[in-house]
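In what follows, chains are A, B, ... by sequence order, proteins preceding strands, each numbered from 1.
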Protein chains: 2
Amino acid sequence: MDEPSLARPGPAAPGLKAPTLVESAVTQPTATELIAVIVAVTDRTPRILTVDGATLPAGAFQPGYRSLQASLRSWVEKQTRLRLGYVEQLYTFADHGRTGADQRTISISYLGLTREGPAGRGASWQGWYRYFPWEDHRTGSPLSETLETALRAWAEAAPSPGARTQRRQRAAYSFGFDGHGWNEELTLQRYELLYEASLVEEAPEFRGTPQLGTAMRHDHRRILATGIARLRAKIKYRPVVFELLAAEFTLLELQQSVEALAGRRLHKPNFRRLITQQQLVEETGGSRAETGGRPARLYRFRRDVLLERALGGTKLPIARSR
Amino acid sequence: MDEPSLARPGPAAPGLKAPTLVESAVTQPTATELIAVIVAVTDRTPRILTVDGATLPAGAFQPGYRSLQASLRSWVEKQTRLRLGYVEQLYTFADHGRTGADQRTISISYLGLTREGPAGRGASWQGWYRYFPWEDHRTGSPLSETLETALRAWAEAAPSPGARTQRRQRAAYSFGFDGHGWNEELTLQRYELLYEASLVEEAPEFRGTPQLGTAMRHDHRRILATGIARLRAKIKYRPVVFELLAAEFTLLELQQSVEALAGRRLHKPNFRRLITQQQLVEETGGSRAETGGRPARLYRFRRDVLLERALGGTKLPIARSR
DNA sequence: TTCCTAATACTCCAACGGAGCATAAGGAAG
DNA sequence: CTTCCTTATGCTCCGTTGGAGTATTAGGAA
């Protein structure tokens with residue numbers, strides 16, 4: 001969907017010689033792997049597909065596919081029998097030291113959305129807040145005292161007064177201390193700050209003090225943080241939540257899915273207004289009575305908005321007339 | 001700046017065996033290259049660094065650096081003596097067929113912002129609208145009749161009635177036909193549509209009819225489109241324009257730089273209000289008289305906002321109270 | 001029948017953003 | 001020296017959006 005999806009043109013036209021700014025690319029062969037953050041939301045909990053609860057699914061890059069994304073998609077779908085509704089590239093890392101020696105691995109990470117189904121051999125679904133307990137602000141701010149204390153200590157241990165102020169500020173902005181509001185999109189920055197402060201197990205200098213979530217293999221927790229951050233940003237301007245829901249749903253189910261992903265409570269009347277005004281959904285005519293209260297109408301996603309939506313995030317004061 | 005910037009942890013802890021969902025990554029060695037879209041704005045024109053006007057700078061990935069981004073940065077800075085103010089990863093492609101045989105090349109593309117300086121050997125700065133003339137909407141809508149005619153013909157040539165409607169819609173939404181407004185962020189989608197319709201030279205079925213901009217080598221024009229789209233989106237919520245300006249500037253210069261990148265005219269009073277209200281800049285005290293009118297005050301970018309800005313693009317109706 | 005729960009429908013209002021006008025301060029032309 | 005042209009800068013007007021809260025409806029359970 002987001003992927004530039006053209007077939008690639010053939011070899012270069014002859015006659016163009018390669019000057020200094022174009023180096024031969026064939027020098028250093030590297031191994032290439034694809035790493036997937038596969039997300040589903042079940043029971044108000046965002047879950048990810050893992051191997052042994054500590055590793056993200058990863059596979060060697062398979063030549064022969066039209067694109068990297070097609071390769072990843074078919075590999076995941078074959079291994080897990082899950083249908084990926086939405087796939088987007090996250091980030092590409094160069095990993096040195098993992099396979100040792102001169103060989104480096106290029107890791108290309110992807111985000112994929114689906115609905116939870118039986119996990120394949122060796123795989124399991126895990127709630128993502130298990131790895132990031134401080135990211136769930138739906139009921140209070142978990143660990144906020146622990147974090148604030150630990151990060152303050154880290155800030156005070158800075159080598160210079162300037163660095164100290166900077167550390168204090170970064171911690172305050174990222175985690176919403178000192179009256180700065182909580183911004184759910186900063187998941188990656190928060191994780192990186194904790195890493196830098198050696199407060200997560202993956203950090204080389206980690207001393208084992210507070211237990212901040214379950215660690216993952218290699219840098220998979222960072223990749224997961226990247227995926228969470230990206231998804232939290234995306235749900236605000238692209239109708240991707242629907243990939244995580246059943247075909248028919250109530251507005252509360254929709255809201256609770258968004259709340260699960262964002263890790264925040266939403267204002268119900270305004271959320272409904274937002275959804276209905278944007279005409280993202282249409283009534284199916286049915287209703288569901290098992291809600292504990294008045295029966296809720298059922299809705300379905302209007303697939304055509306995927307085409308319509310020009311999504312003009314216009315923050316620029318564009319001049320109308322000449 | 002945007003890069004996840006941690007050093008990577010060491011090899012995996014032993015004891016975790018690799019199940020089905022984790023394949024060995026060492027099977028297929030590939031070549032890896034970095035491709036850079038280096039942007040500067042001079043004289044109200046966005047420019048990119050090219051080789052021979054048709055190729056983006058590219059280099060083999062050099063192991064030994066902390067990260068891919070550091071590798072790219074140092075390589076560009078060494079080759080060109082330009083200082084890159086801002087660097088961000090764009091997209092990673094797998095290119096088959098370029099180097100032939102079994103070997104595939106992984107291309108990791110980057111966007112870099114700088115100020116124009118003397119281009120090195122074999123390199124030259126080119127205005128980016130040379131490659132995308134239809135993207136500059138500052139004075140009218142260039143080529144819009146040509147494009148509308150050609151795209152309508154393409155839509156009518158669709159194999160089925162359904163496909164025809166879909167093509168018409170896509171063209172209308174992407175290019176702003178039929179009363180749909182122009183959205184400057186859709187640069188990549190527009191290029192891909194033109195490619196699909198075989199209206200650009202790079203397309204395999206291109207028949208040479210209308211001349212829509214200068215073609216580039218391989219898929220570099222698509223990479224450039226990706227960079228333009230990303231930058232146009234970014235300037236709306238991140239203060240990156242300042243990387244392209246001199247240390248001191250007038251508000252009109254700032255506005256014209258944004259206009260150059262966005263390819264649109266902006267509403268002057270509202271643009272000023274936007275900038276000043278957000279406290280992105282501060283007065284230097286100086287002024288510049290060579291404006292043709294009343295002398296303009298000089299401003300400088302407030303570097304500290306890079307830290308401050310939490311940039312809550314909150315489109316969600318977050319509940320305040322419990 | 002009463003009460004609890006959630007669904008659904010409105011209302012109120014402050015803030016933001018689009019659009020346009022008024023005034024200021026230089027330089028150039030007459 | 002005055003007039004005029006040009007751009008800079010400051011301010012107003014007002015419709016739309018989005019935050020917050022309240023009222024009413026319709027099921028099920030006590």
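For the pair B:L274 CG and C:dA15 C1', the interatomic distance rounds to 14 Å; values are reported in whole Å. Look at CD on A:Q277: it is 12 Å from P on D:dG19, rounded to the nearest Å. Following rounding to the nearest Å, A:R265 (CZ) and D:dG19 (C1') show an atom-to-atom distance of 17 Å. With rounding to whole Å, B:E283 atom CD is found 8 Å from D:dT9 atom P. Taking atom CZ on A:F271 and atom P on D:dG21, their separation rounds to 19 Å, with Å as the unit. Look at CD on B:Q278: it is 11 Å from P on C:dC16, rounded to the nearest Å. Counting to the nearest Å, the C1' atom of C:dA6 and the CD atom of A:Q256 are 11 Å from each other. Taking atom CG of A:L266 as the reference point, atom P of D:dG19 lies 10 Å away to the nearest angstrom.
Checked against salt bridge (Lys or Arg N to Asp or Glu O under 4.0 Å), B:E248 has no partners two or more places apart in sequence or in another chain. Scored by the salt bridge (Lys or Arg N to Asp or Glu O under 4.0 Å) test, A:R230 finds A:E88 as partners (sequence neighbours excluded). Under the rule for a ring pair (Phe, Tyr, Trp, His ring centres under 6.0 Å), the partners of A:F301 that lie at least two apart in sequence or sit in another chain are A:F242. Remark: B:R300 pairs with B:E282 by the salt bridge (Lys or Arg N to Asp or Glu O under 4.0 Å) rule, at least two apart or across chains.
One finds no salt bridge joining A:E184 and A:R232 here, because no Lys/Arg side-chain nitrogen approaches an Asp/Glu carboxylate oxygen to under 4.0 Å.
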Between the protein and nucleotides 7-12 of chain C, which nitrogen or oxygen pairs come in under 3.5 angstrom?
from  : atom 1 : to     : atom 2 : distance (Å)
C:dA7 : OP2    : A:K268 : NZ     : 2.4
C:dA7 : O3'    : A:P295 : O      : 3.4
C:dT8 : OP1    : A:R297 : N      : 2.8
C:dT8 : OP2    : A:R272 : NH2    : 2.3

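Residue pairs meeting the salt bridge (charged side-chain N to carboxylate O under 4.0 Å, His left out) criterion with at least one partner in residues 284-296 of chain B, sequence neighbours excluded, are B:E253-B:R288.
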